[in-house]
Structure formats: structure tokens, C-alpha cells
Amino acid sequence: MKETYFPQEIEKKWQKVWEEEGTFKTPDESDKPKYYALSMLPYPSGKLHMGHVRNYTITDVIARFKKMNGFNVLHPMGWDSFGLPAENAAMKHGAEPEKWTLENIKYMTKQLKMLGLSYDWDREVTTCLPDYYKWTQWLFLQLYKKGLAYKKDASVNWCNECGTVLANEQVIDGKCWRCDSVVEKKYLSQWFFKITEYAEELLKDLDKLPGWGDNVKTMQANWIGKSEGAIFRFPVVDAPSGEKMEVPVYTTRPDTVHGITYLVVAPEYKDIEALTTPENKEAVEAYRANARKMTEIERLSNDRVKTGVPLGTHCINPFTGEKFPLWTADYALAEYGTGAVMAVPTHDERDFDFAKKYNLPTKVVIVPEDQKARWQDGKLNTCAEQIDAAFTEEGILVNSNEFDGMKNTEAKKAITQKAVDEGFGEFKTQYRLRDWLISRQRYWGAPIPVVYCEKCGIQPVPEDQLPVLLPKDVDFSVVGKSPITTSKTFAETTCPCCGGKATRETDTMDTFVCSSWYYMRYADAKNDKMPFSKELINHWLPVDQYVGGIEHAILHLLYSRFFTKALRDLGLLDFDEPFKNLLTQGMVLKDGAKMSKSKGNTVDPDEIFENYGADTARLFILSDSPPARDFDWSDAGVEGCYKFLNRVWRLISSNAENVDICHPELVSGSLKNKENDDLVRVVHMAIKGITNDISNDFQFNTVISKYRELVNAIYDWQGKKSDLNDEDKAVLSFAIVTLIKLMSPVAVHLCEEAWTELGGEGSIHAQEWPKWDENLAKASSITLVVQINGKVKDKIEADEALNQDELKELALSSPKIKELTNGKTIVKTIVVPKKLVNIVVK
RNA sequence: GCCCUGGUGGCGGAAUCGGUAGACGCGUCGGACUUAAAAUCCGGUUGGAGUUAAAUCCAGUGCCAGUUCAAGUCUGGCCCAGGGCACCA
């Protein structure tokens with residue numbers, strides 16, 4: 001074995017061997033239990049960044065650990081390869097999106113191989129290739145048939161910079177998730193997936209995911225935004241047309257219904273024109289026009305003063321018979337609830353602000369419970385003028401007819417029930433989640449497989465005509481419309497129904513559609529009859545461990561959960577949730593800031609591979625922080641890991657002649673006569689500690705500190721031996737062989753090289769994970785801690801066989817303790833077996 | 001405003017059940033080897049007091065209380081940082 005560690009040399013060598021021998025291929029059939037380890041698939045942007053390196057290393061170590069522990073592990077990789085950057089590159093450099101994308105994939109594949117990742121490349125999935133997007137289109141058609149994909153006219157988010165609409169999930173603080181420019185509203189006809197149909201299940205099933213972090217689950221729950229309340233319908237008494245009209249409102253506070261003093265509809269409310277009197281028309285129109293001009297950001301701005309104008313018409317409160325005016329104000333949102341709000345200024349802060357500004361009347365209907373007696377005695381003045389803020393806490397109803405004196409929490413139900421009984425309302429559960437807008441006015445995506453026929457309307461493309469291929473004859477330099485519309489061959493087609501002239505849909509699908517099912521395709525990547533067979537998908541899924549960034553907490557993870565449930569209902573699979581366990585890894589930082597090109601604090605993985613090797617990169621990226629936390633990259637840290645691997649290498653190379661891998665004692669796992677050798681115990685402790693740390697939330701940072709402890713212990717042990725006898729050699733063999741097995745999931749190349757050089761058979765990555773002996777995984781003696789009044793005063797080496805009385809005796813006999821307790825009364829003595837004695841004195 | 005996560009040395013971070021706070025590493029200081037440097041090896045490194053040096057003592061896990069023989073860990077109340085949601089009725 002060479003004396004010096006040359007990572008670049010051995011890494012190349014082993015990567016070639018693994019590829020040639022198919023070391024990491026996963027058979028579908030195996031007598032071992034399955035385990036599916038998955039990293040979020042990358043967008044082929046050009047080069048790997050450190051975030052990728054961290055993500056894939058974590059998953060790779062998990063996959064290898066599980067494999068050594070007897071699982072048949074599925075560990076695939078693919079490319080989320082549709083998307084706007086490819087089109088932008090096409091415009092900028094004149095390269096075809098496809099060419100640009102496939103070249104990037106080629107380069108990044110090379111990088112992934114250099115990292116020594118244990119992928120089964122036979123299952124590679126590339127979402128922009130027809131053999132994949134054919135099935136994305138096929139799944140669209142299934143959803144369409146089931147009524148889960150539909151087209152509608154709607155107010156949608158439009159990004160001018162990207163030239164396309166966006167889903168709600170892709171608008172962050174009123175800005176485009178990709179380019180950060182301000183999003184506008186447009187009224188367009190677009191394709192949607194009916195994710196709202198699954199709102200309740202998506203929320204409820206979060207409880208079925210104990211393997212997901214609370215942060216992600218709460219983010220999804222917030223996004224779904226369930227609220228329970230009531231719909232009340234208020235008759236309009238003076239509609240200008242003379243028609244009988246009513247305005248329905250959604251409220252979560254039916255208990256405050258007797259306190260309504262006015263009603264607000266959104267500027268975009270559908271019936272607003274019919275509810276406006278001729279005298280108010282001009283002002284209302286002006287207000288609505290102004291509201292249209294405002295961006296989402298302006299409109300939702302927190303400190304904006306509320307504004308509105310009256311419509312001139314009135315409603316009746318069916319609970320009280322009171323008449324109150326209708327207003328329009330932009331603090332009512334057209335898209336939520338019914339687009340109309342009942343205003344109770346005394347018990348809602350927004351209504352309070354508005355009423356104050358426009359001098360609208362107020363009426364108190366809830367008082368704090370401790371005021372109940374005063375109110376009953378007629379001593380409590382519930383005059384609204386005395387109120388200087390809305391009372392939004394719980395309390396007792398007043399001024400509410402037969403509901404007076406009732407707790408407001410109970411009144412919610414009782415009042416709604418009355419509305420139900422009398423026919424002007426019902427119980428209603430409302431969600432914030434909107435349907436998923438999947439149309440994109442871009443070229444580089446999977447074409448939506450429908451055609452439009454003047455006679456037959458919307459017609460799905462027949463399944464046997466899939467895939468609808470992207471046209472090649474397009475001009476990427478066009479501005480203001482999708483490049484796909486410049487194709488002379490694409491749009492023109494015939495109707496599958498009547499055979500007449502028809503046009504194709506020119507919009508493509510959101511890339512998130514492609515990535516909502518890719519992890520299913522890995523189970524059966526080469527299937528050309530179906531997206532996947534039911535048998536294989538039910539065998540491999542759900543994913544046992546999913547690893548990726550927190551930025552997908554809502555987007556990708558919510559869409560994938562929806563897809564799984566929808567495909568289950570289509571009978572394509574038999575499980576409810578796609579990802580059993582989710583690890584959201586932290587960001588990779590440099591100098592305390594996220595690595596970014598604009599800040600100039602990026603580190604190129606290629607340089608690290610070249611200068612230190614992949615094993616150092618893998619070791620370092622796992623070493624300093626637990627996976628879920630942010631990781632601060634430091635050059636000194638890399639250097640430290642490289643030195644450590646050198647230290648490991650020297651340990652092995654300098655002992656190569658002493659280490660016998662096939663020592664029968666080692667094979668049987670026991671070392672006769674050597675059970676009390678300290679090093680043997682240290683090794684057992686290391687196996688136990690490392691196994692537990694990986695099993696328990698993948699705490700790789702402590703795993704690596706335990707590697708270091710073990711290496712330090714072997715050096716120390718050697719330093720104390722001048723000459724090794726046969727028994728010593730057996731101990732050393734045991735220690736070194738165990739060390740490289742324990743390290744093999746992380747330092748994949750170094751350990752493979754060492755294993756082979758030491759005479760091991762086959763690949764170290766096919767070996768069994770070491771087992772520990774509980775009796776040996778502890779020190780041979782214990783350190784008894786002696787406390788007085790809970791403070792440590794002495795430490796005594798003791799035999800672990802001592803019983804409680806003997807330990808107490810031992811503690812009290814310590815000269816130091818004797819001195820400290822001298823002249824004091826011992827009140828109590830607590831003995832913790834094998835650990836500690838606490839003497840309580842006065 | 002609501003929700004989630006976190007707060008431990010100069011830094012990253014350790015610490016099954018409440019039982020030795022600071023594992024392991026980075027940095028740094030000192031030493032060995034060397035003509036010298038690199039590499040390597042050994043030792044110190046929470047703060048304060050103390051000592052030639054040690055021994056030793058005191059304080060200490062965001063803050064304030066509490067439970068306990070014993071609290072980084074449990075309970076209650078705060079403060080701060082990061083993230084999510086938000087005129088959602």
C-alpha cells in the first residue's frame with residue numbers, strides 16, 4: 001500500500017470499477033426488504049453547487065448505510081429539465097433549449113460521478129425527454145377525465161419578465177419566485193388542477209407524517225388555511241333594478257351577527273354593478289378602476305389606510321330586522337369566501353378602523369365574561385361610543401335577543417343553526433388554498449395535450465397520439481408571446497372527434513407538474529406501456545427517506561402529495577402519501593451568507609474535487625453541522641478534513657502488514673482473551689455510537705467526531721505498544737477493519753482502496769455493517785462521581801459490580817469527602833447505580 | 001398579529017432517562033522534530049480569583065421565577081434571532 005494518500009488517483013480508479021461492475025445497480029426482485037432513499041432532483045443549470053453536494057452526500061450515506069444493514073436500496077437520480085432558464089439561454093446564446101439542457105446534464109452527470117454517489121443510473125429520469133413527458137401528458141389526460149384538470153377564466157398572476165402566468169405558490173410577497181419582478185393580475189382563460197378538492201385530506205394527512213419536521217407541516221397547514229364558519233345571506237331591499245337580490249357573506253364570527261352595522265363587497269365583486277345606485281355609480285367606478293391599477297403589493301401593504309365608497313343600496317339583517325348600508329372596499333378580497341364581508345366594528349379590528357374613518361355606527365354584542373353580572377343588573381353600559389378598540393376576545397353575548405348571556409363560543413353554533421333552520425345560512429368550511437394554475441405561456445415545457453375544435457370544443461388528444469412533441473421550427477427571439485406559437489407546424493391539427501380543422505393548445509405545463517411524479521417513474525423507469533406498473537410502484541413507494549431543501553416546503557412537496565392522492569383515486573397506486581420521512585437540509589453558507597454568484601462567495605465543487613478529492617468534500621460537508629441546520633463552509637475546515645483522511649491513510653498504510661482481514665477471530669466477531677483490551681472496548685463503543693447517531697435523525701456531525709475518536713484511540717493504543725504479539729495484531733486488525741467499514745459510507749473511495757489493499761474480498765460497500773457487543777461497548781471500570789449538595793466534589797475509579805451500599809461506602813470513605821462533610825450532618829444520600837453518589841448535608 | 005424553529009466558549013457544535021456542561025473539530029498559544037520551512041507529533045485553551053507552578057475556590061448553557069437531593073435538559077412567565085402565514089372576514 002502506498003505511503004501517501006493520492007485521492008485523485010484512487011477515486012478515478014474506483015469510480016471506473018464501480019461503473020464497470022455495476023456495483024450500485026438495484027434489482028427489483030430481492031429477498032431483502034426494500035428501502036427507497038431519494039434526493040430532490042436537480043435542475044440542470046450547468047454546474048453543481050455546494051447545496052447539491054450536501055444534499056446528495058447526505059442521501060448517499062443513508063443509502064449506503066441501509067444497504068450495509070441488509071436492505072435492497074433504491075437510490076436513483078434524474079433531471080428536472082424543463083424550465084425557463086433553457087429558453088433564456090436559447091435567446092441569449094442562440095443555443096437550442098434542448099441542446100443546452102442536455103449538455104448541462106452531461107457535465108453535471110460527470111460531476112455526480114466524481115462525487116462517488118451510489119446511483120443506479122439505469123433508472124435515470126430526464127423530464128424534458130419525450131419518453132418521460134409522454135407520461136406527464138398521459139397523467140394530465142387521466143386527471144382531465146376525472147374532472148381534476150379543467151380550464152377556466154380567472155384573475156391570474158402574470159409575470160411580465162418571464163412572459164407567463166404563475167401559480168399562487170410561485171408568487172412570493174407579490175413577486176415572481178424565479179425573477180423577483182412584481183407580479184400583475186390578468187384575467188385569462190387557463191388550465192388548472194383541482195388541488196382544492198384535496199384540501200381537507202392534504203391537511204388531515206399531515207398527521208400521518210411523523211417523519212416530517214413540524215416546520216414543513218405547519219407551513220403546509222398555513223398554506224391550506226382551513227377556517228370554519230358560516231355563510232349568511234342578506235336580502236337587498238333597494239336594488240336599483242327592483243330585482244330581489246341577496247348578498248352572501250362568509251364569516252368565522254357568526255356569534256357577532258347582531259352587531260353588523262354595514263356590509264362590504266370587494267371591488268371585483270360579481271354583482272357590484274347591480275348593487276350600485278345611479279347616484280353612486282361614478283364614485284364606485286372610480287374606486288374600482290383605482291383598485292384594478294394597484295399591484296398586489298400596494299394593495300396588501302400593511303400600514304395602508306383603509307378606503308372605500310358606499311354603493312347606495314341596503315341590506316336587512318334577518319336576525320334583527322335592522323337595515324344597514326352596502327359599501328365596497330378593497331380590504332374585502334374577491335377570491336376569498338364569497339367576496340363580501342359582514343362588518344362588525346366592535347369585534348373586528350379591520351371593521352373598527354374602517355367604521356371609525358367613515359363614521360359608521362357601532363354596536364356592542366359581546367362583553368368579557370367577568371362583566372356578565374354587571375350587564376345583567378343593567379349597570380354595564382354597552383354603548384359603542386365608549387369603545388376605543390375592537391373587543392376580539394371570548395365573552396358573553398349581549399344585545400343579541402334570545403342569545404343574550406350565551407358564551408360566544410357556543411353562540412357560533414347556535415346562531416348558525418338558526419340561520420340554517422330559517423333558510424338564510426349554513427355552516428361552511430373555507431380554505432385559503434386555490435386551484436393550481438398549470439398553464440405556462442412558454443416553449444420549454446411539456447405541451448398540454450388538448451386541441452380546440454370550433455365544432456366540438458375542448459378535445460383531449462387521444463392517448464395513442466402521445467406524446468405531443470415540442471416543435472423544432474420555432475423562433476426564440478420573439479417578444480410578447482410564447483416561442484411555440486411561431487411554429488408553422490405545431491398549432492394546426494385535426495379534431496380527434498369530428499376530423500375537422502382544429503388548433504392545438506400552445507401552452508405548456510408548469511415544470512412542477514413534471515416534478516410531481518418523477519419519484520414514481522424511478523420505480524419503473526423503462527416502462528413504455530405505462531408511466532409505471534402498479535406492482536412496482538406499490539413495491540418501491542412510498543419513498544422511505546426524502547432529502548432536499550426547505551424552499552420546496554410548499555411548492556413541490558404539496559403538489560407531489562396532491563398527485564399521489566389523485567393517482568390513488570385513479571387506481572394507479574395504493575398509498576396515500578409519497579414521502580414517509582423528510583429531511584430538509586440547511587443551506588450552505590460562506591462567511592455567514594448564502595453562497596451566491598452575486599455575492600461572489602461561491603465555492604466550486606470541481607476545485608475541491610481536484611485539490612482534495614471527493615472523499616474530503618463528502619466528509620467535510622457532513623462534519624460541522626447537523627444536516628437540518630445551515631452549514632458554514634470554511635477553507636480551514638476542508639483542510640482539516642483532508643488532514644484527517646491523511647491520518648487515517650497513514651494509520652492503515654503503516655500497519656498494512658499487521659492487519660489480517662480474514663483473521664478467523666474477526667470473522668466470528670469475537671476476540672478471545674482480549675475482551676478487556678481497552679481498544680476492543682473503544683471499537684465496540686464506536687460501532688454502537690455511530691450506528692445510533694445515523695439511525696437517530698442522521699446526525700452525521702457526531703458520527704464524524706466518533707471516527708476521529710476511534711482513530712485517535714488506535715494511535716494512542718499503538719503508541720503504548722513497543723512490539724505487537726499475535727493477540728495484539730488481532731486487536732489491531734479488528735480495530736482497523738471496523739474503522740474502514742464504519743467510514744465506508746462517507747469516505748467511499750479511501751475505504752474501498754484500503755479494503756482491497758488489506759486483502760478484503762469484493763467491494764467494501766457490499767459488506768455487512770459491523771455489530772457491537774453490548775457488554776463490551778462500555779469502559780471496563782466506572783468513574784464514580786461524588787457530589788455534595790449536587791455539586792461535584794470528587795471522582796473515584798470504581799468497579800462497576802459494586803452495589804448501592806458499597807458505592808455509598810466508597811464515596812463516604814474518600815478523604816476529600818470526609819474532610820468536606822466533617823462536622824456537618826448528613827441528611828440524605830442518593831446513589832445512582834454505576835454513576836453517582838450525592839450526599840446532602842446541612 | 002398568529003404559527004414554527006432555535007438561543008451553550010473566540011467559532012462550528014457535543015451532552016439516551018433530569019445525574020461530571022463544553023465531546024470532536026476549527027482557531028489560537030506553547031513545545032518536540034528540522035539549518036529552516038512544510039508536514040507530523042505532544043500539551044494548554046469557558047470566565048474570574050488564586051499560586052513560582054500546582055492544588056483549590058467562585059460564577060457559568062438568552063432573562064426571571066418554580067419543581068428537585070440534582071436542571072442545558074422539566075414547569076410557568078418573558079426577551080432575542082431566523083423562517084412561514086397574514087386586510088383570509
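First the proteins, then the strands, lettered A, B, ... as listed; each starts at 1. Since the model is a prediction, treat every value here as computed from it, not as a measurement.
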Worksheet entry | A:Thr256 side chain vs A:Gly259 backbone, donor-acceptor pair below 3.5 Å | no

Item to complete: Kindly say if A:Arg708 contacts the phosphate of B:A23, meaning a side-chain N or O under 4.0 Å from OP1 or OP2.
Response: no

Practice prompt. Taking all heavy atoms of A:Pro248 and all of A:Arg233, pick out the closest pair and write down the distance.
Written response: CB-CG, 3.9 Å

Worksheet item: Less than 4.5 Å apart, any side-chain heavy atom of A:Asp351 and any of A:Tyr331?
Response: yes

Item to complete: Step by step, work out the side-chain hydrogen bond (donor to acceptor under 3.5 Å, both in side chains) result for A:Glu169 and A:Trp436.
Response: CA-CA 8 Å; A:Glu169 288 78 12; A:Trp436 174 14; 5.5 Å; no

Fill in: Conformer about C1'-N of B:C74 - syn within 90° of 0, anti elsewhere
anti

Please tabulate the protein-to-nucleotide N/O contacts below 3.5 Å involving nucleotides 43-50 of chain B, giving atom names and distances.
none

Fill in: More than 12 heavy atoms from other groups under 6.0 Å of CD on A:Glu3
no

N/O-N/O pairs, protein side and nucleotides 66-70 of chain B side, under 3.5 Å:
{"residue": "B:C69", "atom": "OP1", "partner": "A:Lys828", "partner atom": "NZ", "Å": "3.3"}
{"residue": "B:C69", "atom": "O2'", "partner": "A:Asn838", "partner atom": "ND2", "Å": "3.3"}
{"residue": "B:C69", "atom": "O2", "partner": "A:Asn838", "partner atom": "ND2", "Å": "2.5"}

Discussion item. If you compare every side-chain N and O of A:Ser625 against the phosphate oxygens of B:G13 (OP1, OP2), does one of them come in below 4.0 Å?
Written reply: yes

Worksheet, complete the sentence: Rounded to whole Å, CZ of A:Phe698 lies from P of B:G13 at a distance of 20 Å

Discussion item. Students often get this wrong, so: under 4.0 angstrom with heavy atoms, is A:Lys791 touching a base, only sugar-phosphate, or nothing?
Written reply: sugar-phosphate

Fill in: B:G43 to B:G82 separation - C1' atoms, rounded to the nearest Å
40 Å

Worksheet item: Is atom NZ of A:Lys413 surrounded by more than 12 heavy atoms (other residues, nucleotides or ligands) closer than 6.0 Å?
Response: no

Worksheet item: Reckon A:Gln699 has a side-chain N or O less than 4.0 Å from the OP1 or OP2 of B:A15?
Response: yes

Discussion item. I'd like to know if the side chain of A:Tyr287 pairs up with that of A:Thr307 as donor and acceptor (distance under 3.5 Å, no hydrogens or angles considered).
Written reply: yes

Worksheet entry | A:Phe700 CZ to B:A23 C1', straight-line distance once rounded to whole Å | 19 Å

Item to complete: Sticking with atom C1', work out how far B:U52 lies from B:C69, rounded to a whole angstrom.
Response: 41 Å

Worksheet item: Starting at CG of A:Asp353 and ending at P of B:G1, how long is that distance when rounded to a whole Å?
Response: 15 Å

Worksheet item: Could you state the CD-P distance from A:Gln430 to B:A89, rounded to the nearest angstrom?
Response: 9 Å

Discussion item. Check the phosphate of B:A39 against A:Arg647, side-chain N and O only, distance under 4.0 Å to OP1 or OP2. Yes or no?
Written reply: no

Practice prompt. Let me have RNA chain B in dot-bracket notation, would you? Count Watson-Crick plus G-U wobble pairs, both distances under 3.5 Å, and use [ ] for pairs crossing earlier ones and | for inter-strand partners.
Written response: (((((((..(((......[....)))((((((.......))))))((((......))))..(((((..]....))))))))))))....

Practice prompt. Evaluate side-chain hydrogen bond (donor to acceptor under 3.5 Å, both in side chains) for A:Glu426 paired with A:Thr416, printing each intermediate quantity in order.
Written response: CA-CA 6 Å; A:Glu426 58 248 14; A:Thr416 310; over 6 Å; no

Discussion item. Please tell me whether A:Tyr5 and A:Thr616 have a donor and an acceptor in their side chains that are separated by less than 3.5 angstrom.
Written reply: no

Fill in: Syn/anti state for B:G22 [syn: chi within 90° of 0]
anti

Worksheet item: Between B:A89 and A:Tyr336, is there an OP1 or OP2 to side-chain N/O distance shorter than 4.0 Å?
Response: yes

Worksheet item: Looking at the rings of A:Phe620 and A:Tyr612, which for Trp means the six-membered one, are their centres under 6.0 Å apart?
Response: no

Discussion item. For a quick test of reading the model: is some side-chain N or O of A:Arg629 closer than 4.0 Å to OP1 or OP2 of B:G6?
Written reply: no

Worksheet item: Between A:Arg253 and A:Asp348, is the closest basic N to carboxylate O distance under 4.0 Å?
Response: no

Discussion item. Does B:A14 have OP1 or OP2 under 4.0 Å away from a side-chain N or O of A:Asn701?
Written reply: yes

Fill in: Aromatic centroids of A:Tyr358 and A:Tyr262 separated by under 6.0 Å
no

